[in-house]
Amino acid sequence: MSRSNLWQICHKNARGNNHLTKHLVEIIRKQRLTSKQIAYELVLPTERVRNWYYKGTGMTALDLLLLMSEYEFVRNFIKKAVIAYMMYKDDLAGR
């Protein structure tokens with residue numbers, strides 16, 4: 001299998017950093033937080049936060065951990081997402 005085919009297979013997956021980041025940014029915007037506020041509160045470079053806040057690039061694991069440590073609503077979202085994933089995984093295994 002060629003490299004281009006492998007790249008296409010790997011990047012067709014809907015789940016991943018970009019998917020998670022998109023949903024987190026929606027929730028953050030509902031809380032009316034700006035990218036500058038987040039960068040200031042998390043002590044991150046503003047450009048880095050802008051990349052995933054406006055441009056849709058995936059956030060790093062460190063960014064996610066910092067968000068979870070700072071904001072309760074992010075922790076709740078991640079907790080619900082993990083529980084939903086585990087239920088989905090168990091449902092698939094039971095079939």
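The figures that follow rest on heavy atoms only: side chains count, while hydrogens, waters and symmetry mates do not. Remember, it's a predicted structure, so these values are computed and weren't measured experimentally.
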Would you say the side chain of [Y] lies within less than 4.5 Å of the side chain of [X], judging by non-hydrogen atoms?
X   : Y   : result
M59 : L44 : no
V49 : Y40 : no
L20 : I78 : yes
L67 : L42 : yes
T60 : W52 : no

Holding to side-chain contact (heavy atoms from CB on, under 4.5 Å), I want the full list of residues that pass it with K36, two or more places apart in sequence or in another chain.
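K36 satisfies side-chain contact (heavy atoms from CB on, under 4.5 Å) with T34, T46, R50 only.
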Quick one: pull up OG in S35 and CZ in R48 and give me the separation to the nearest 0.5 Å.
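Rounded to the nearest 0.5 Å, the OG-CZ separation comes to 14.0 Å.
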I need the N51 CG to T57 OG1 distance, nearest 0.5 Å.
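N51 CG to T57 OG1: 4.5 Å, rounded to 0.5 Å.
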Cluster check [X], [Y]: I/L/V/M/F/W/Y, side chain < 4.5 angstrom:
X   : Y   : value
M68 : V82 : yes
L65 : I28 : no
F77 : L62 : yes

Is there a salt bridge (charged side-chain N to carboxylate O under 4.0 Å, His left out) between R75 and E72 once you walk through the steps?
CA-CA 5 Å; R75 281 193 296 271; E72 180 71 27; 2.4 Å; yes
One pair to check against side chain to side chain contact (heavy atoms under 4.5 Å, CB included): Y54 and V25. What are the steps and the verdict?
CA-CA 9 Å; Y54 293 114; V25 168; over 6 Å; no
Is the H23 ring parallel, tilted or perpendicular to the H19 ring (thresholds 30°, 60°)?
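The arrangement is perpendicular - the two ring planes meet at more than 60°.
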Residues in side-chain hydrogen bond (donor to acceptor under 3.5 Å, both in side chains) with E41, at least two apart?
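In terms of side-chain hydrogen bond (donor to acceptor under 3.5 Å, both in side chains), with neighbours along the sequence ignored, E41 is linked to Y71.
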Taking the side chain from R29 and the backbone from Y53, do they hold a donor-acceptor pair closer than 3.5 Å?
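Side chain of R29 to backbone of Y53, a donor-acceptor pair under 3.5 Å: yes, one is there.
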Side chain to side chain contact (heavy atoms under 4.5 Å, CB included) between L64 and L24, intermediate numbers included
CA-CA 9 Å; L64 178 60; L24 278 173; 3.6 Å; yes
